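The structure under discussion appears below in the form of structure tokens.
Note that the structure is predicted; figures quoted are calculated from it, not measured.
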Amino acid sequence: MATSAKKINIGGLARKLVLDGLLDEEKAQRLTEESLKKKKPFITLVVENGTVPSSSVALVAAQQFGTPLLDLDLLELDGDITKLVKGDLIKKHHALPIFKRGNRLAIAISDPANIQALDEIKFATGLLTDAIVVEEDKLARNIEKALDTSANRLDDMDDDGYDDLDSLEVAEEDDEDQDDAEIDDAPVVRFVNKCLLDAIKKGASDLHFEPYEKLYRVRFRIDGVLTEVTRPPMSLSNKIAARIKVMARLDVSERRVPQDGRIKLKLSKTKSIDFRVSTCPTLFGEKTCMRILDSDAAALQIDQLGYEDHQKEMFLSNLHKPYGMFLVTGPTGSGKTVSLYTGINILNQVDINISTAEDPVEINLPGVNQVQVDERTGMTFEKALKAFLRQDPDIILVGEVRDLGTASIAVKAAQTGHMVMSTLHTNDGPQTLTRLQDMGIQAFAVATSINLITAQRLLRRLNPNNKVPFEIPDDALRDEGFPEDVIKKGISLFEPGEITDDNPGYKGRAGIYQVMPISDDMKRLIIEGANAVQLADQAASEDIWDIRKSGLMKAASGITSLTEVNRVTVE
């Protein structure tokens with residue numbers, strides 16, 4: 001062994017790995033040269049090449065340099081500790097601060113010979129540094145996770161990639177203050193651009209920029225669930241809000257009233273993304289909410305929406321009726337617009353005149369005459385509808401029935417030979433019928449004008465690569481509301497398995513629906529003044545699935561979990 005040691009012309013950890021028989025000398029020499037050439041840590045190359053297990057390398061390194069060894073997966077990292085060191089320094093030295101005791105900062109590192117890393121971090125933080133050896137692959141994973149969490153911090157951001165995000169529609173630059181703000185606050189511009197890019201990459205539907213008394217946070221809604229992604233400094237609250245308002249053509253100087261706008265961002269020569277922007281003054285500054293408008297959603301086919309076969313049949317048969325009202329209901333963010341646009345795409349033929357009044361126009365549809373409702377200029381839903389009726393329409397789409405005036409004209413149009421499509425914010429079909437009457441529409445007009453009501457929600461899909469069987473007794477299934485015939489056939493339920501960053505429990509969303517055509521018996525009950533409970537009982541007697549039953553069937557088919565159904569629906 002001593003003889004072979006004399007032949008080795010490498011040093012440090014590479015030499016120790018060869019002496020311990022974990023690495024042959026030739027490969028150690030090659031990796032050492034590659035490390036110098038690529039300016040990449042030797043340990044990183046060893047682990048990436050799969051030459052030596054990461055755990056073995058860490059053990060040898062700890063023994064060689066007399067440094068403590070730690071399993072990084074057993075430690076819950078504190079984001080505040082990570083922020084003590086700038087991201088570029090963490091990336092440069094492949095070293096991660098993990099905990100602090102007094103004036104000493106523990107640094108997780110896979111190569112304890114990297115004294116320069118400890119010295120530079122010590123100089124940058126003013127704290128004494130102690131090396132803790134960890135496994136290379138776990139260190140890389142945790143560094144990526146830590147930097148992803150803090151990547152939106154302005155002091156860590158570089159220019160790579162963010163300046164390529166161009167605004168196709170920018171605010172008027174007549175205001176000298178706005179020009180100065182954009183010039184002086186280039187880091188804020190890059191920060192906002194990065195937030196938008198990250199939201200798009202992660203498949204978010206909404207971005208929330210929220211100021212509070214002692215913190216400012218950014219949250220994304222991904223698959224219907226809000227997740228905090230970063231906490232910029234409080235001092236940047238007004239600058240971030242101002243930047244977004246500049247991009248959305250809003251009044252930067254007005255902070256006392258809500259404003260609505262739109263941003264169109266160019267990602268490439270052929271790809272652009274629209275954002276709907278809403279600002280709202282709060283106690284501690286302006287909250288800004290941005291909704292990502294997915295133009296690809298307008299091209300969805302009916303089969304992609306998640307309707308059951310019998311629901312799809314009712315949807316299509318009522319969609320092709322020559323007149324009457326076709327209503328889609330549900331809370332904000334439940335996919336109502338996507339359902340309406342899917343229907344419009346089916347009907348959009350050269351021989352059909354389609355006009356829409358929307359606030360805002362979320363997605364441009366070639367072949368459809370779209371009108372932007374704007375209360376400030378006097379272009380209301382009511383005025384747009386009156387204009388449409390003089391434009392020889394076949395189909396009229398009203399973005400939302402909000403008041404008696406709009407509802408009244410829509411009902412009259414449906415009764416006089418036009419197909420009218422619209423949305424309401426109600427929980428289900430029966431409540432929609434009583435809501436229209438509460439707005440002032442006579443029961444007879446409601447009964448004779450409405451063809452079909454579709455109520456809907458969105459729930460998260462189980463990740464097919466990460467779901468496990470979930471056993472539940474038959475009595476519990478009955479309590480949850482599963483039909484007896486389905487229970488007898490046997491139900492296989494699933495829940496998310498072990499959740500990791502690379503393998504989430506849920507991925508994507510699916511729609512659950514109540515598709516309720518207005519039958520003759522239903523019309524008779526409406527005219528007689530039946531309440532929502534009585535109308536719901538009638539729908540059930542006609543075997544119309546409510547939202548919950550639709551969700552339970554999705555759980556029974558393995559698309560989602562019972563937990564998710566219970567989160568989204570109410571028994």
Side-chain angles (χ1 to χ4, degrees), residues 83 149-157 159 162-163 165-202 204-222 226-266 273-293 332-333 359-360 362 374-376:
K83 292 177 183 178
T149 301
S150 63
N152 293 335
R153 287 187 288 147
L154 299 185
D155 55 358
D156 287 344
M157 288 175 52
D159 296 335
Y162 307 140
D163 292 333
L165 186 63
D166 301 321
S167 176
L168 297 180
E169 297 183 17
V170 296
E172 298 293 338
E173 297 187 349
D174 300 334
D175 190 329
E176 185 177 340
D177 293 337
Q178 291 184 18
D179 287 350
D180 290 342
E182 287 196 79
I183 294 171
D184 295 341
D185 295 323
V188 174
V189 173
R190 293 198 302 274
F191 171 78
V192 173
N193 285 350
K194 175 164 175 55
C195 285
L196 302 186
L197 280 173
D198 284 351
I200 294 168
K201 291 176 181 176
K202 293 179 179 180
S205 60
D206 301 86
L207 299 83
H208 295 256
F209 297 81
E210 303 169 316
Y212 297 95
E213 183 177 10
K214 296 182 179 180
L215 66 92
Y216 183 78
R217 69 180 179 183
V218 180
R219 293 191 292 173
F220 294 168
R221 187 177 294 277
I222 302 173
L226 279 171
T227 303
E228 182 176 314
V229 292
T230 187
R231 291 190 179 187
M234 277 292 298
S235 58
L236 298 175
S237 170
N238 290 337
K239 291 183 179 181
I240 292 172
R243 170 58 186 166
I244 295 172
K245 288 162 76 173
V246 165
M247 298 173 72
R249 295 179 176 267
L250 302 179
D251 185 353
V252 177
S253 63
E254 179 57 77
R255 300 178 181 176
R256 299 165 298 178
V257 297
Q259 297 186 65
D260 295 306
R262 187 185 181 101
I263 297 172
K264 192 175 187 69
L265 293 175
K266 184 178 180 181
I273 296 287
D274 291 335
F275 293 82
R276 187 177 71 197
V277 180
S278 172
T279 69
C280 182
T282 67
L283 282 175
F284 304 104
E286 284 184 287
K287 176 186 175 181
T288 305
C289 182
M290 306 174 72
R291 159 127 339 155
I292 299 177
L293 306 178
T332 301
D359 182 20
E362 296 190 0
D374 190 343
E375 301 286 347
R376 294 172 295 182

What I'd like to find out is whether the side chain of Lys287 reaches to under 4.5 Å of the side chain of His208, using heavy atoms alone. yes
Can you give me the closest heavy-atom contact between Ala199 and Ile292, atom names plus distance? CB-CD1, 4.0 Å
Take Ile240 and Phe191 through the side chain to side chain contact (heavy atoms under 4.5 Å, CB included) test and state the conclusion after the steps. CA-CA 8 Å; Ile240 292 172; Phe191 171 78; 3.4 Å; yes
If we only count heavy atoms from C-beta on, is the Ile244 to Glu286 side-chain gap below 4.5 Å? no
Which atoms form the tightest heavy-atom contact between Cys195 and Leu207, and what is the distance? O-CD2, 3.7 Å
Please identify each residue that fulfils side-chain contact (heavy atoms from CB on, under 4.5 Å) with Asn238, with sequence neighbours left out. Arg255
Residues passing the side-chain contact (heavy atoms from CB on, under 4.5 Å) test with Asp274, sequence neighbours excluded, are Arg262, Lys264, Leu293
Using the test side chain to side chain donor-acceptor pair (under 3.5 Å), find all partners of Thr282 that sit at least two apart in sequence or belong to another chain. none
Which pair of heavy atoms, one from Glu213 and one from Met234, lies closest together, and at what distance? O-CE, 3.9 Å
Please determine if Asp198 and Lys202 form a salt bridge, counting it only when a charged side-chain N lies under 4.0 Å from a carboxylate O. no
Return the minimal non-hydrogen interatomic distance between Glu254 and Gln259, and the atom names on each side. O-NE2, 3.0 Å
Met247 side chain near Asn193 side chain, heavy-atom distance below 4.5 Å: yes
Atom CG in Asp374, atom CG in Asp359: separation rounded to 0.5 Å? 7.5 Å
Quick one: are Phe275 and Leu265 in side-chain contact, heavy atoms under 4.5 Å? yes
Heavy atoms, side chains only, cut-off 4.5 Å: are Phe209 and Met290 in contact? yes
Is the shortest heavy-atom distance from the side chain of Arg256 to the side chain of Pro281 under 4.5 Å? no
Kindly compute the distance separating CG (Leu226) from CD (Glu210), expressed to the nearest 0.5 Å. 7.5 Å
Find the distance between OG1 (Thr230) and NZ (Lys194) and round it off to the nearest 0.5 Å. 9.5 Å
Testing the basics here: between Pro211 and Phe284, what is the closest heavy-atom pair and its distance to 0.1 Å? CB-O, 3.5 Å
dist Arg243:CZ -> Arg190:CZ (nearest 0.5 Å) comes out at 11.5 Å
